[in-house]
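Worksheet: the structure to be examined is printed underneath.
So that the names make sense, note that chain A is the first sequence line, chain B the second, and so on, each numbered from 1.
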Amino acid sequence: MPELPEVEVTRRKLSPVLVGRTITSVETTRKSYFFITPPQQLKQRLLDRRVEALDRVGKYLLARLDDESTLLLHLGMTGQLFAAGALSPRLLLAKGKRALTPEVARTFSPDAHTHLILGFREAGPLIYFRDVRKFGKVEWAAPGSEFTRVKKLGPDALAATGVQLFEAAQARSTPVKSLLLDQGVLAGVGNIYADEALFLAKVRVDRRANRVTRAECDAIVRAAQKVMRRSIVTGGSSISDYVQPDGTDGGYQNERRVYARTGEPCKTCRTPIERLVIAQRSSHFCPRCQK
DNA sequence: CTGTCCCTGATT
DNA sequence: AATCAGGGACAG
């Protein structure tokens, strides 16, 4: 699912085809809670706006527009952003949940799950936002006004420090895994990278946050940054629906050590990886390597 | 703080 | 036909 690395890969690949172009067409599906800003209003706000920059904060993408307003995009669980031509007569979904092959992506055509399509004045591909489960978000904010959901975020996980995690941990007796998933603590960490970071830091997912030492907090944040930086290089994790904007899979799913490896041998000690449900999320860990 | 809900496709 | 997966807002 899209977490910080996947959103960052998306940002990097989308920026060159989005920034500097002027929006001249906006197509949407019907009003739904996917559109925090209703489609009708969205069209009105976006039309004739030039995109000045594409930023990322946590798992949010923020497109800065030339009238100082901002378009927020969140990929939720199954969100996919594509940059592609609009030539294909039909959408060819590859088998199962594997999303789109590169050939298909280059000639992407919308299906019922494609909720937003942006067209531009300048030459180049269209932008497609597809999201099967509609846990993603599209929201527009007027110049000077901030997004409530963005304001609530803690430091971006790539810039955070062990001290910040340690301080947040003191007040909590919840499992450290829950703490890592809290976007108000470290923005951008999700289920995959929380498990991977805790494995590298050798801390069990169910350890109470206030029982995690200062040194371990340092190790956890360093580990999170290490796995996320590596994931960005490989194009992110294509475990459920995530694909890069050109339709190709990322590569980090092949490097994960614990996530969705229940019962498989630990890469370090061969002990079977175990699974626990914490905060309604599956959590994976090595019972021997992690204390 | 925990539980519920949104949604749809895959799995049981 | 019922259950599961899960990010995040919200209610309790």
Using whole Å, what does the distance between atom [atom2] of nucleotide [N] and atom [atom1] of [X] come to?
X: A:Tyr33; N: C:dA9; atom1: OH; atom2: P; result: 12 Å
X: A:Asp206; N: B:dT2; atom1: CG; atom2: P; result: 13 Å
X: A:Ile278; N: C:dG7; atom1: CD1; atom2: C1'; result: 17 Å
X: A:Leu75; N: B:dC6; atom1: CG; atom2: P; result: 22 Å
X: A:Asp131; N: C:dA5; atom1: CG; atom2: C1'; result: 14 Å
X: A:Leu276; N: C:dG6; atom1: CG; atom2: C1'; result: 17 Å
X: A:Leu181; N: B:dT2; atom1: CG; atom2: P; result: 12 Å
X: A:Leu73; N: C:dG7; atom1: CG; atom2: P; result: 18 Å

With distance as the sole criterion, is a donor-acceptor pair present between the side chains of [X] and [Y] under 3.5 Å?
X: A:Trp140; Y: A:Ser69; answer: yes
X: A:Glu6; Y: A:Tyr193; answer: yes
X: A:Glu122; Y: A:Thr22; answer: yes

Taking 4.0 Å as the cut-off, does a side-chain nitrogen or oxygen of [X] come that near to OP1 or OP2 on [N]?
X: A:Arg281; N: C:dG7; value: yes
X: A:Arg133; N: C:dC4; value: no
X: A:His74; N: C:dG8; value: yes
X: A:Tyr259; N: C:dG6; value: yes
X: A:Lys137; N: B:dC6; value: no
X: A:Thr174; N: B:dT2; value: no

Choosing from [options], which nucleotide comes nearest the side chain of [X]?
X: A:Val132; options: C:dG7, C:dG8, B:dT8; answer: B:dT8
X: A:Arg172; options: B:dC1, B:dT8, C:dG6; answer: B:dC1
X: A:His113; options: B:dC6, C:dA5, B:dT8; answer: B:dT8
X: A:Lys134; options: C:dA5, B:dC1, B:dC7; answer: B:dC7

Next item on the list: Please indicate whether A:Gln40 has more than 12 foreign heavy atoms, meaning atoms of other residues, nucleotides or ligands, lying under 6.0 Å from its CD.
Entry: no
Check: Counting heavy atoms not belonging to A:Arg208, are there more than 12 under 6.0 Å from its CZ?
Finding: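 No, because the 6.0 Å sphere around CZ of A:Arg208 holds 12 heavy atoms or fewer from other groups.
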Next item on the list: Name the nucleic acid region contacted by A:Arg275, choosing base, sugar-phosphate or nothing; use a 4.0 angstrom heavy-atom cut-off, strictly under.
Entry: sugar-phosphate
Notebook entry, point to check: Looking across every strand, which nucleic acid part, if any, lies under 4.0 Å from A:Asn191 by heavy atom: base, sugar-phosphate, or nothing?
Noted result: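 The residue A:Asn191 makes sugar-phosphate contact but no base contact.
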Note to self: Once rounded to the nearest 0.5 Å, what's the spacing between atom CD of A:Glu216 and atom CZ of A:Phe166?
What the structure shows: 10.0 Å
Note to self: Quick check on DNA chain B: between A:Gln280 and A:Ser173, whose nearest nucleotide comes earlier from the 5' end?
What the structure shows: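 The residue closer to the strand's 5' end, by nearest nucleotide, is A:Ser173.
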Next item on the list: For A:Pro2 and for A:Lys152, find the nucleotide of DNA chain C with the closest heavy atom, then tell me which residue's nucleotide is more 5'.
Entry: A:Pro2
